[in-house]
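Keep in mind it's a predicted model, so treat the numbers as computed, not measured. Below, chains carry the letters A, B, ... as their sequence lines are ordered, and counting in each starts from 1.
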2 protein chains.
Amino acid sequence: MSGSQERAREVGRTRGPEPGAAAGRIDVSSRIRSDIIQGRIEPGTKLREVALAERYEVSRIPIREALRSLEAEGLVESRKYSGSIVAPSPVEDAEDLFEIRTVLEAATAKRAAKRASELIAGEAPGPGWRAQRKEISDILDAGDIVIGQERYEELAVLNMRFHFAVAELSGSLSFISLLRQISGKIEWLYSLNVTRRGPQAWPEHREIIAAIDAGQQAEAAEVMARHVRRSRDSYFAMMAERPHAT
Amino acid sequence: MSGSQERAREVGRTRGPEPGAAAGRIDVSSRIRSDIIQGRIEPGTKLREVALAERYEVSRIPIREALRSLEAEGLVESRKYSGSIVAPSPVEDAEDLFEIRTVLEAATAKRAAKRASELIAGEAPGPGWRAQRKEISDILDAGDIVIGQERYEELAVLNMRFHFAVAELSGSLSFISLLRQISGKIEWLYSLNVTRRGPQAWPEHREIIAAIDAGQQAEAAEVMARHVRRSRDSYFAMMAERPHAT
DNA sequence: AAGCATTATTTTGTATACAAAATGCTAATG
DNA sequence: CATTAGCATTTTGTATACAAAATAATGCTT
């Protein structure tokens, strides 16, 4: 690999970036993702790299890498030499997304129950079980408290945490990463409507955990599937009432 | 043509990179992915950007973007300021990967059957149906020919194409992109063993399509699930015979 | 004036240069 | 001798500079 090293270039001492330009920053891709999900950037918007670079006060390089990640999540669509645009609103994919959640989460519940049954049989369920199981109890308790105090807005994040906690209880990294893949679109979907599923759905979580704890794989899968389908029905019922802002 | 305009365009000759440096190149990320899947780079290997840049004869920028994509596929693991390494061999995740395929592909078969039932009912199944359905027939025929001529090595790629074609027949982009997400690891899994599933599995594909064409959703899902599970069993039977090179 | 070829302009893609963090090594100290 | 503080090296992260492609604008021909 040769290369004409002799640039004979005036020493560019003037080159350094403004000191302090790179102030404390929180991962650009998260900020863009958030801006898309929260609707601060509309679907179809052309994401020009220089504009984003200015907006988030970084250069184009981090922007480009962030766009690659967001592309993998399906929040952004890119074509070579043609730039990136914000993906179309996920409302069209709502049915698919709920179906995906149904089958994947039923599988995670089943696997979690399998691990529990191993525990019951005296075998070791693998590392982390205790902590993961406790995490779920904490989430369930927190949900009850939140409901008792009628702070329903906080249920959404707890709900998300519960479902991911079950995935982690399954011990299967492949399922977790797949669920994480679609979580962006799921969040986006829900953020399109301020209303969320009411508190009456929360107790279903305890049924799911009961089946898992009992080591009943088929039961756990079925209860989880039913739970997600109800959440689907609730979503579409809501959409029927108040038309969405696509 | 009055006045030939000599636009002196060659002023800034100072900085240009070696001419011809960017020769015809085929997407770096595909090449790295291929090298990982084919085992030319072992799991756990530190992927240093400069080394990759030299190996693929590009600068670090395209390398970094490729690594982001591969990270999303789970073929590479990265930590900030700590670089990227090739993900561990997917053999440990084999069970999970087959389970994921089972539930996702059963769902795609079900949806494809649903579209077919709409066609039967006289409704329009949506755009692309005809072409997609024909594509499947072509693949099935090609497989029969290949088997007839005992060129079994070519079955692997046809098999992959068939399953993706069914996903496309479902008309659900979300499912397709999720399946594409794990396809890298699936390919990796299979490439670890030269042997593949024998030709006796091929006719099962026609059963799946038959159920879809008949618009029998539950049946299509079940047949597809059974098919993937058999492929799972076949894989593990093979692994039991000849120990893998982890 | 309409359609098309050609030239500007814009935007993405990539290479180089420099800064920041992590890693490894050396040496001083208990 | 083990440990650790400090320094040097290595490697990733990011900014700037330039090249290539696409898009917009211009002018020419019919």
Base, sugar-phosphate, or nothing: which does B:L67 touch, judged by heavy atoms less than 4.0 Å apart?
nothing

Quiz question: by atom type and distance under 3.5 Å, do the side chains of B:S231 and B:Y190 form a donor-acceptor pair?
yes

To the nearest angstrom, how far is A:E57 atom CD from D:dA15 atom P?
11 Å

Closest-nucleotide ordering on DNA chain C, the 5'-leading residue of B:K46 and B:E65:
B:E65

Check: A:S34/A:R40 side-chain N/O donor and acceptor closer than 3.5 Å
yes

Base, sugar-phosphate alone, or nothing: which one does B:L47 contact when heavy atoms must sit under 4.0 Å apart?
sugar-phosphate

Distance check, rounded to the nearest 0.5 Å: A:K185 atom NZ versus A:D96 atom CG?
9.5 Å

Closest to the 5' end of DNA chain D, once A:R79 and A:S59 are matched to their nearest nucleotides, is A:S59

What is the distance, to the nearest angstrom, from the NZ atom on B:K80 to the C1' atom on C:dA22?
12 Å

Send over the distance from A:E49 CD to D:dA15 C1', rounded to a whole Å.
14 Å

Heavy atoms from C-beta onward define the side chain here; which of C:dT11, D:dT16, D:dT12 lies closest to that of A:I61?
D:dT16

Heavy-atom side-chain proximity of A:R133 to A:I136 below 4.5 angstrom
yes

Only one of B:K110, B:Q132, B:R111 passes side chain to side chain contact (heavy atoms under 4.5 Å, CB included) with B:S170, and that residue is B:R111

Between B:E54 (CD) and C:dT16 (C1'), how many Å, whole number?
15 Å

From CZ of B:R48 over to P of C:dA22, roughly how many Å is that when rounded to an integer?
17 Å

Atom CZ of A:R64 to atom P of C:dT14: distance rounded to whole Å?
7 Å

Grab the CG-P distance between A:D27 and D:dT14 for me, whole Å please.
9 Å

May I have the distance from A:Y81 (atom OH) to D:dA21 (atom P), rounded to whole angstrom?
5 Å

I want to verify a distance call: between D:dC18, C:dA15, D:dG13, whose nearest atom is closest to the B:R60 side chain?
D:dG13

